[in-house]
Amino acid sequence: MYLSFTVLCLSVVINNAAASEWCYTGCEHTPSHWKDLDGSHCGGERQSPVDIVSGHLERDEKLLNFNFFNFTSKQSFKAFINNGHTAKFLLEDNEVELSGGGLDGAYSTLQLHFHWGDTVHHPGSEHTVNGHRYPMEMHIVNLKKGLTVEQALQDPTGIAVLGFFIDATEDENLSSPWSVLTSYLLSDIDTEINVIHDISINDLIGDVDLTKYYRYMGSLTTPSCNEVVAWTVFQEPIIVNRILLQQFPLKTGLTNVYRPGQEINGRQVYSSAAVDLPSSHEWCYGEECEFSPPNWHLLPDSQCGGQRQSPVNIEAQNATKEAKLDGFTFTKFDDKQVIKYITNTGHTVKFVLNEGAMEVSGGGLGHIYTTLQFHFHWGSLSPDSKGSEHTIDSKRFPMEVHIVNKRKDLTLENAVNTTNGLAVMGLFIEATTTTKSGGSSDHNEDSHDSADDSTHESSDNVMTGAWKVLSNYLEQIQSIGSQVEVTEDLSLAELLGHVNLGSYYRYNGSLTTPSCNEAVVWTVFKESIKVHPKLLMMFPNQTGFQDVFRPTQDLHSRKIYTTAGVGTLAPIVQSLLLIYFCSFIL
Ligand SMILES: *[C@@H]1O[C@H](CO)[C@@H](O)[C@H](O)[C@H]1NC(C)=O
Ligand SMILES: *[C@@H]1O[C@H](CO)[C@@H](O)[C@H](O)[C@H]1NC(C)=O
Ligand SMILES: [Zn+2]
Ligand SMILES: [Zn+2]
């Protein structure tokens with residue numbers, strides 16, 4: 001009798017020791033060592049969380065609606081506890097329940113808790129979608145009815161967890177259920193506080209579509225990582241004010257409380273019947289479609305949620321000088337017959353070149369690249385609209401042109417899957433200023449302000465040269481999908497004008513449209529192209545679509561480099577520009 005009591009006590013002590021021995025950071029048993037803990041399943045084959053890859057989803061028509069019982073009950077929250085790993089809310093016993101949703105019977109809801117990152121823009125959801133990590137994740141933990149916790153830990157579907165992504169909004173509406181919830185957050189560990197406010201689970205979930213979810217078989221995401229969880233991860237995030245989300249790390253004193261993604265090991269992730277598996281072209285820049293920029297990571301084969309995305313904001317002072325960034329060698333940029341056709345893709349206006357004609361090398365690229373096409377990003381019809389993709393010191397320019405080049409030794413398919421398979425050059429475009437000095441085409445339109453434009457047409461006010469040719473083509477591709485052959489003489493060198501091509505920024509990034517392949521070595525030139533103000537308006541006006549630019553993306557751990565000298569042009573570039581000057585004068 002005495003002996004068995006001691007054994008029982010010992011085992012309780014050992015279990016407690018094991019439970020407090022693990023952590024996310026700052027102790028011996030960080031996530032990669034959880035598998036070494038006593039009785040741990042953390043090194044198993046069906047671990048959670050995982051990255052949900054939309055291209056690998058399989059629709060399961062049996063994954064229909066859930067039945068939720070008492071999710072609207074305002075008396076269901078019992079107590080709050082900071083257990084040193086998370087912020088947990090315990091629910092009243094036998095009050096909240098769920099079934100359906102393709103689950104194996106009914107489950108009783110026990111508690112909900114959260115996973116988050118830190119206060120400085122480091123997201124902390126556990127599951128990710130195509131590599132995209134949301135700011136936070138909420139887990140609602142449910143026990144199969146009729147089982148004790150011990151029994152459930154032996155049943156492959158003994159526990160059902162509902163995972164909700166949480167996204168941050170700057171919206172000042174500090175929605176009350178979340179203010180109430182976060183008011184309980186506390187740094188005192190293992191102190192239970194009674195919840196006295198009226199609050200329901202539905203209040204927290206808001207208007208998330210509960211029919212759209214992913215399902216897979218996994219584990220608890222904390223030690224002992226028992227492989228007993230039927231996971232449900234809802235597609236739509238809960239949207240909560242950023243200030244409230246910051247309360248989690250600030251008030252609990254806990255940061256980066258999420259387990260890294262685990263191997264899928266051949267498991268299938270299913271999508272519910274209501275999830276639209278999008279086709280890759282159903283994206284847009286605005287709110288007019290389901291896949292606006294914050295949702296691009298949900299598209300099939302999307303890399304838009306990755307860590308080296310473009311565009312970015314370039315902080316000029318923080319760019320690292322790099323002597324290897326020398327002058328470019330441009331081949332046939334002044335050739336007036338290389339542009340094959342111009343097309344309105346519905347997202348941009350694109351000029352497609354005869355492949356193999358134009359090439360670029362040097363500029364620290366380390367390879368020869370073939371120029372494929374150039375296209376534009378622009379803003380709205382307003383005279384002071386800004387629509388560039390990159391920004392310099394948070395300043396956005398009116399437009400940006402992208403010259404897209406592919407490594408000459410790779411096929412396009414290989415290039416988009418190689419870290420430096422593509423080299424894209426971005427140049428800002430802005431209106432000529434009205435001062436008499438400087439500017440590439442100031443001989444055309446100095447000394448006239450915009451008020452004059454509408455009242456009289458002098459020759460000073462008429463677009464000329466290459467940009468005039470380009471504008472004529474714009475008029476011919478007003479409908480989406482239209483395409484016209486370019487027969488008039490037009491070269492890229494003429495469009496670039498006098499821009500100093502020896503002074504630029506360099507960083508590793510991605511395509512700025514889905515699938516956002518992280519295959520791009522970016523060059524962003526410091527000097528902008530100056531064009532007639534009317535031309536800036538022609539892009540939104542003729543195409544009928546506006547604000548075709550992606551918001552800037554986090555740099556994460558990337559560095560931005562800059563050319564070291566001031567205006568160092570390689571000789572070969574100078575000679576090509578000279579050719580251009582000559583042809584222009586003629
Ligand atoms: C819902 O809550 C009420 C009030 O606590 C309780 O009597 C009832 O059993 C609950 N229903 C379910 C299905 O758990
Ligand atoms: C880009 O990434 C490669 C490695 O993939 C690295 O060698 C190179 O220095 C990076 N370039 C820049 C500009 O960061
Ligand atoms: Zn959890
Ligand atoms: Zn672009």
Side-chain angles (χ1 to χ4, degrees), residues 328 330-360 369-378 399-406 408 412 422-427 429 431-432 440-441 443-445 457 459 461-499 501 513 529-545 548 573 575-586:
F328 289 100
F330 295 110
T331 308
K332 292 216 171 165
F333 262 48
D334 54 339
D335 186 322
K336 297 184 177 208
Q337 266 90 46
V338 294
I339 302 175
K340 200 156 60 174
Y341 64 89
I342 168 176
T343 176
N344 175 341
T345 67
H347 299 300
T348 188
V349 165
K350 182 159 84 176
F351 289 74
V352 178
L353 310 182
N354 289 312
E355 200 177 330
M358 269 169 48
E359 282 179 13
V360 59
Y369 288 82
T370 306
T371 308
L372 303 178
Q373 47 106 336
F374 61 93
H375 62 263
F376 297 86
H377 298 272
W378 61 83
M399 284 184 63
E400 186 170 334
V401 57
H402 287 160
I403 305 168
V404 180
N405 311 279
K406 170 189 76 72
K408 198 179 177 177
L412 184 59
L422 301 170
V424 184
M425 302 177 157
L427 291 106
I429 305 175
T432 39
S440 59
S441 41
H443 53 286
N444 288 334
E445 54 252 326
E457 285 276 319
S459 60
N461 250 330
V462 177
M463 271 186 271
T464 57
W467 287 94
K468 167 73 178 157
V469 174
L470 185 142
S471 73
N472 290 341
Y473 281 109
L474 277 184
E475 288 171 12
Q476 299 174 45
I477 51 157
Q478 298 193 4
S479 57
I480 291 171
S482 58
Q483 175 173 324
V484 284
E485 227 180 300
V486 173
T487 52
E488 285 188 64
D489 283 355
L490 184 62
S491 77
L492 203 46
E494 285 176 292
L495 293 171
L496 301 190
H498 297 196
V499 170
L501 298 171
T513 54
I529 303 172
K530 309 290 193 305
V531 301
H532 194 284
K534 274 186 186 165
L535 200 110
L536 300 173
M537 308 281 269
M538 283 194 73
F539 282 85
N541 200 7
Q542 300 292 346
T543 61
F545 44 88
V548 285
V573 177
S575 76
L576 277 173
L577 281 182
L578 269 181
I579 294 168
Y580 157 53
F581 291 150
C582 296
S583 63
F584 187 78
I585 290 160
L586 291 170

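Counting from 1, the numbers follow the sequence of the chain as shown.
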message = Rounded to the nearest 0.5 Å, what separates atom OG in S479 from atom CD in Q542?
response = 11.5 Å
Contacts table for residues 399-406: side-chain donor-acceptor under 3.5 angstrom, sequence neighbours left out:
{"unit_1": "E400", "atom_1": "OE1", "unit_2": "E389", "atom_2": "N", "d": "2.8"}
{"unit_1": "E400", "atom_1": "OE1", "unit_2": "H390", "atom_2": "N", "d": "2.8"}
{"unit_1": "E400", "atom_1": "OE2", "unit_2": "H390", "atom_2": "ND1", "d": "2.8"}
{"unit_1": "E400", "atom_1": "OE2", "unit_2": "H402", "atom_2": "NE2", "d": "2.6"}
{"unit_1": "H402", "atom_1": "ND1", "unit_2": "H375", "atom_2": "NE2", "d": "3.4"}
{"unit_1": "H402", "atom_1": "ND1", "unit_2": "H377", "atom_2": "NE2", "d": "3.0"}
{"unit_1": "N405", "atom_1": "OD1", "unit_2": "T371", "atom_2": "OG1", "d": "2.7"}
{"unit_1": "N405", "atom_1": "ND2", "unit_2": "I403", "atom_2": "O", "d": "3.3"}
{"unit_1": "N405", "atom_1": "ND2", "unit_2": "A423", "atom_2": "O", "d": "2.9"}
{"unit_1": "K406", "atom_1": "NZ", "unit_2": "L410", "atom_2": "O", "d": "2.6"}

ask   = How long is the span from the CD atom in Q373 to the NZ atom in K340, to the nearest 0.5 Å?
value = 12.0 Å
query = Within a strict 4.5 Å, meaning less than it, do heavy atoms of the V548 and T543 side chains meet?
reply = no
query = Which atom names give the shortest non-hydrogen contact between L490 and A466, and what distance separates them?
reply = CD1-O, 3.5 Å
query = Looking at side-chain heavy atoms only, is the closest gap between L536 and W378 below 4.5 Å?
reply = no
remark   = Correct closest heavy-atom pair for W467 and E494 would be NE1-O, 4.4 Å
key: Flag side-chain contact, heavy atom, 4.5 Å: L470 against F376   = yes
ask   = Under 4.5 Å between any side-chain heavy atoms of H347 and T513, yes or no?
value = no
ask   = Can you tell if the side chain of V531 reaches within under 4.5 Å of the side chain of I429, non-hydrogen atoms only?
value = yes
Salt bridge (Lys or Arg N to Asp or Glu O under 4.0 Å) against E359, all qualifying residues, sequence neighbours excluded = K408
message = I need the minimum non-hydrogen distance between L474 and M538, along with the two atoms involved.
response = CD1-CB, 3.9 Å
task = Please lay out, stage by stage, how M358 and F374 fare under the test side chain to side chain contact (heavy atoms under 4.5 Å, CB included).
result = CA-CA 12 Å; M358 269 169 48; F374 61 93; over 6 Å; no
message = Quick check on E485: does its CD atom have over 12 non-hydrogen neighbours (other residues, nucleotides or ligands) under 6.0 Å away?
response = no
inquiry  = Could you tell me if the side chain of E355 sits less than 4.5 Å from the side chain of L372, heavy atoms only?
reply    = yes
